[in-house]
Amino acid sequence: MSAVLNFKSHLAHLFAEALRVVAPEAEVAILIERPKQASHGDYACNLAMQLAKPLRQSPRNIAQALIAALPASDVIQKVEIAGAGFINVFITTAAKQAVVKTVLQAESEYGRGKVGAGRKVQVEFVSANPTGPLHIGHGRGAAVGDCLCNVLAASGWDVTREFYYNDAGAQIDNLRSSVQLRCQGITPDDPSWPENGYRGDYIADVARSYMAQETVEADDQHITGKGDVHDDEAIRHFAVAYLRREQDQDLRAFRVGFDVFSLESALYSEGKVAATVENLIASGHTYEQDDALWLRTTDFGDDKDRVMRKTDGGFTYFVPDVAYHLDKWQRGFTRVINEQGADHHSTITRVRAGLQALNVGIPKGWPDYVLHQMVTVLRNGQEVKISKRAGSYVTLRDLIDEVGCDATRYFLAARSPDSQLVFDIDLATSKSNENPVYYIQYAHARIQTVLKQCEPLVFGDANVGLLDSEEEKAVLQQLIDYPEVVETAAHDLAPHLIAFYLKDLAADFHRYYNATRFLVDDEAIKLARLSLCAATAQVIHNGLGLLGVNAPDTM
RNA sequence: GUGCCCGUAGCUCAACCGGAUAGAGCACUGCCCUUCUAAGGCAGGGGUUACAGGUUCGAUUCCUGUCGGGCACACCA
């Protein structure tokens, strides 16, 4: 039996052959697509319409010639010309049925591809400042970033997940002074509370813990509170460790892990910031003005030059950022993707400009960025304003506790990062049935229940040729599509495509389930149907795995 | 004012980097459980794809402009 399952690329090759015969000179892209309507076949090619102009012939005539030149293939049942000149291809049912055995043999490997070819890619995401708990915006970054990593890994990339801590700036000093004031019993409603001090209750928790001389564990370090109200350095050290621990715990509860944690403070202590500044000066793209050092970012597409070293001698934040990205490059990551909130988009130009100015062979558009738009939270039909300073926000921890990890991850990852997201807490909790994640998980659970009643099952003997109802063909086609969906999600850096796909697969399965009885007397039919069920469950399992969502056996 | 993202059914979103009659869910109406999980399925109504032009065989998709929403435009991070 022919093992061709990637019909799209198979057909593309066939049409390329036909094109060489019909119009060897033509330079057109061969595009095979899935028609929306079943009557238009399984796959369609628009080559004839594209060739109409250069060949000065009618599309239908060209289509006729292309079909005549199309090499034979045992997966093609028939080819038709339709509409203005579409070439519609129908795949034999037998070729589609083969997917069942392929899935059952490959198991969790089904859908994994080799496009990445083992190349290294580093994905930086979350990268929250250690100045407070993770909020829902970080949650979106965590969900999107983690799924993106999973999808890239499934496409054959060697993925490194990295978290960058801005632990060395003005906001850290802010944190320190806020904690210090709390240690002294001063609260945010006191008139002496600084304008930009952190007001959240968690600051009081940090202060209490510090004064009680508790020990926190973060990043393999044990830090014990000194209890000394006047030791700035000890307070800063403890507060950062305390909040990092909180973030680590939240991320673990969200099932997100990292391979590497990078610290901004380390870039300073290891001299990487100083070295980067020296190299930028040596590059000739800097100048002194008004007692400050400027980088001529306008040489690289920025709309104005940027200060590197302030009049007070400190560096602006993007200088360590450039040093950090140079470090990524020197670690051998020719591909880097930064997943961030859209409120950081102005940094892109500056970081890239700094890297270009260094002139060390870094490509112009490096690194890549995936920016997710802002998340609005609705509670009781009202928007919850997120403000870290005012201390009002919805934490990731709240969401995990109230909504659950599965639903939260799905909700936050199931939308294009380019779109703003409205997270309605009441909808996600009180009416959790409406959440599509349950719809998908339910399909998986239903299958497991059915399979459990017939164990042990040996699908090797299953006659998949018996699967030819409309509902069965729809499910088969979905299973065939899965590897391509994974590949597209990785290529487009669009993990939400997995979520949409799973919803469609679940819908086709539920339709099949309602229309068909599996546990029938005819053993051959029963085994064939159960093999399709098992293959469907496998793909749901694999897809949900990419989203970091569980595939439960019972609900 | 400048840059980036978005605008599709009453609501939340799709439409495979230009394709054929723009699709789901929620909500609304009516059906389907003595048999595998009804957290499910079937049927019905609901649209000038914000607006106006342009590009071409063909536009929700690309280009220009207008309107509307969000984000960012520091010697803050």
Side-chain angles (χ1 to χ4, degrees), chain A residues 8 31-37 39-40 44 46 49-50 52-53 58-59 82-86 88 129 131 166 168-172 174 196 264 289-294 302-304 306-318 320-321 341-349 371-374 376 414-422 424 427 431-443 445-454 481 484-485 488 491-492 494 496-497 500-501 503-504 506-507 509-520 526 529-530 533 554-555:
Chain A
K8 220 175 211 183
L31 199 66
I32 307 292
E33 51 193 11
R34 298 281 317 282
K36 288 172 190 162
Q37 268 186 268
S39 64
H40 292 150
N46 63 359
M49 271 124 67
Q50 291 183 65
K53 197 164 217 179
S58 86
F86 289 100
N88 295 335
N129 293 341
T131 54
N166 286 105
Q171 85 283 0
I172 292 296
N174 230 332
N196 50 5
E264 183 185 10
Q289 187 181 306
D290 306 330
D291 292 327
L293 179 67
W294 297 69
D302 206 350
D303 53 354
K304 54 183 163 187
R306 306 290 169 175
V307 169
M308 291 172 59
R309 193 182 58 231
K310 300 178 280 182
T311 46
D312 69 4
F315 294 111
T316 54
Y317 80 94
F318 90 91
D321 233 14
D343 52 342
H344 289 85
H345 77 89
S346 64
T347 73
I348 297 176
T349 315
L371 299 181
H372 63 259
Q373 296 295 315
M374 300 291 97
T376 347
R415 193 132 307 158
S416 164
D418 282 340
S419 300
Q420 287 166 233
L421 178 60
V422 178
D424 187 332
L427 187 77
K431 295 186 191 173
S432 59
N433 301 358
E434 293 174 14
N435 194 316
V437 73
Y438 294 105
Y439 183 79
I440 297 163
Q441 290 180 320
Y442 185 47
R446 272 181 145 178
I447 295 171
Q448 296 306 334
T449 303
V450 175
L451 294 178
K452 209 160 286 171
Q453 298 178 39
C454 305
D481 287 344
E484 189 191 322
V485 172
T488 305
H491 180 267
D492 295 352
H496 65 284
L497 295 178
F500 290 136
Y501 166 80
K503 221 164 65 173
D504 290 343
F509 178 77
H510 284 307
R511 200 166 300 132
Y512 177 41
Y513 182 98
N514 274 75
T516 317
R517 182 150 180 82
F518 304 131
L519 304 180
V520 292
K526 181 169 87 176
R529 289 178 180 169
L530 291 180
C533 287
T554 57
M555 287 182 73

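What you see is a predicted model; the values in this text were computed from it and never measured. Note on naming: letters A, B, ... go to the chains in the order of the sequence lines (proteins, then strands), and numbering restarts at 1 for each one.
Residue A:Gln420 places no side-chain N or O under 4.0 Å from the OP1 or OP2 atom of B:rG7. Look at A:Arg34 and you won't find any side-chain N or O under 4.0 angstrom from OP1 or OP2 of B:rC16. At B:rA74, none of the side-chain N or O atoms of A:Lys310 fall inside 4.0 Å of OP1 or OP2 (strictly under the cut-off). The phosphate of B:rU21 (OP1 or OP2) has no side-chain N or O of A:Lys36 nearer than 4.0 angstrom. Between A:Tyr439 and the phosphate of B:rG41, there is a side-chain N or O to OP1/OP2 separation shorter than 4.0 Å. At least one side-chain nitrogen or oxygen of A:Arg446 sits closer than 4.0 Å to the OP1 or OP2 atom of B:rA38. Not one side-chain nitrogen or oxygen of A:Arg415 sits closer than 4.0 Å to the OP1 or OP2 atom of B:rU12. A close approach under 4.0 Å does not occur between any side-chain nitrogen or oxygen of A:Lys526 and OP1 or OP2 of B:rC36.
Computed from coordinates, the A:Ile440 CD1 to B:rA14 P distance equals 14 Å when rounded to whole Å. Nucleotide B:rC17 holds its C1' atom 11 Å from the CG atom of A:Leu497, rounded to whole Å. One atom, CG of A:Leu421, and another, P of B:rC71, lie 14 Å apart when rounded to the nearest Å. In this structure, A:Ile348 places its CD1 atom 16 Å from C1' of B:rA77, rounding to the nearest Å. Look at CE on A:Met308: it is 18 Å from P on B:rA74, rounded to the nearest Å.
With contacts defined as side-chain heavy-atom distances shorter than 4.5 Å, the pair A:Gln448/A:Thr554 does not qualify. Residues A:Asn196 and A:Asn174 form a side-chain contact, since some pair of their non-hydrogen atoms from C-beta on lies under 4.5 Å apart. Side chains of A:Arg306 and A:Trp294 form no contact here, defined as non-hydrogen atoms less than 4.5 Å apart. No side-chain heavy atom of A:Leu421 sits less than 4.5 Å from a side-chain heavy atom of A:Gln373.
For the P atom pair drawn from B:rU64 and B:rU48, the interatomic distance equals 27 Å after rounding to whole Å. For B:rC17 and B:rC31, the P atoms lie 43 Å apart once the distance is rounded to whole Å. For the P atoms, the distance from B:rU21 to B:rC28 is 33 Å, rounded to whole Å. Nucleotides B:rC63 and B:rU56 place their C1' atoms 13 Å apart, quoted to the nearest Å. Taking atom C1' in both B:rU49 and B:rG7, the straight-line distance is 10 Å, to the nearest Å. Spacing of P atoms, B:rG25 relative to B:rC67, comes out at 38 Å, to the nearest Å. Taking the P atom of each, B:rU60 and B:rG53 are spaced 14 Å apart, rounded to whole Å. Taking the P atoms as reference points, B:rG23 lies 14 Å from B:rA43, given to the whole Å.
The side chain of A:Tyr317 lies closest to B:rA77 when the candidates are B:rG70, B:rA77, B:rA20. Residue A:Tyr442 places its side chain closer to B:rU37 than to any other of B:rA20, B:rC71, B:rU37. When distances are taken from the side chain of A:Trp294 to each of B:rA14, B:rC75, B:rA20, the shortest belongs to B:rC75. Among B:rA20, B:rU37, B:rU56, the nucleotide with an atom closest to any side-chain atom of A:Thr449 is B:rU37. Comparing B:rA14, B:rC57, B:rC17 by their nearest atom to the side chain of A:His491 picks out B:rC17. Nearest nucleotide to the side chain of A:His345, out of B:rU37, B:rG3, B:rA77: B:rG3. Side-chain proximity of A:Thr311 to B:rG19, B:rC75, B:rA38: nearest is B:rC75. Closest to the side chain of A:Arg511, from the set B:rG41, B:rC57, B:rU37, is B:rG41.
In this structure, the side chain of A:Thr349 does not engage the main chain of A:Asp302 through any donor-acceptor pair within 3.5 Å.
No N or O donor and acceptor, one from the side chain of A:Thr488 and one from the base of B:rC16, sit under 3.5 Å apart. For A:Asn46 against B:rG19, a side-chain-to-base donor-acceptor contact under 3.5 Å is present. Not a single donor-acceptor pair, N or O on each side, falls under 3.5 Å between the base of B:rA77 and the side chain of A:Asn196.
Stacking annotation: A:Phe86 is stacked on the base of B:rA20 (ring centroids less than 5.5 angstrom apart, interplanar angle below 30 degrees). Both thresholds, 5.5 Å between centres and 30° between ring planes, are met by A:His40 relative to the base of B:rA20, so the two rings are stacked.
No engagement by A:Ser39 is indicated, since no non-hydrogen atom pair under 4.0 Å with the nucleic acid exists. Within the nucleic acid shown, A:Gln171 comes within 4.0 Å of sugar-phosphate atoms alone, with no base atom in reach, counting heavy atoms only.
Between the side chains of A:Arg415 and A:His372, no donor-acceptor pair is found at a separation under 3.5 Å.
Applying the 6.0 Å contact sphere to CG of A:Asn514 captures more than 12 heavy atoms from other residues, nucleotides or ligands.
Both A:Gly169 and A:Asp418 lie near RNA chain B, and the one whose nearest nucleotide falls closer to the 5' end is A:Asp418. For the pair A:Leu451 and A:Met49, both in contact range of RNA chain B, the more 5′-proximal nearest nucleotide belongs to A:Met49.
Classification of the A:Phe518-A:Tyr513 ring pair by plane angle, with boundaries at 30° and 60°, yields perpendicular.
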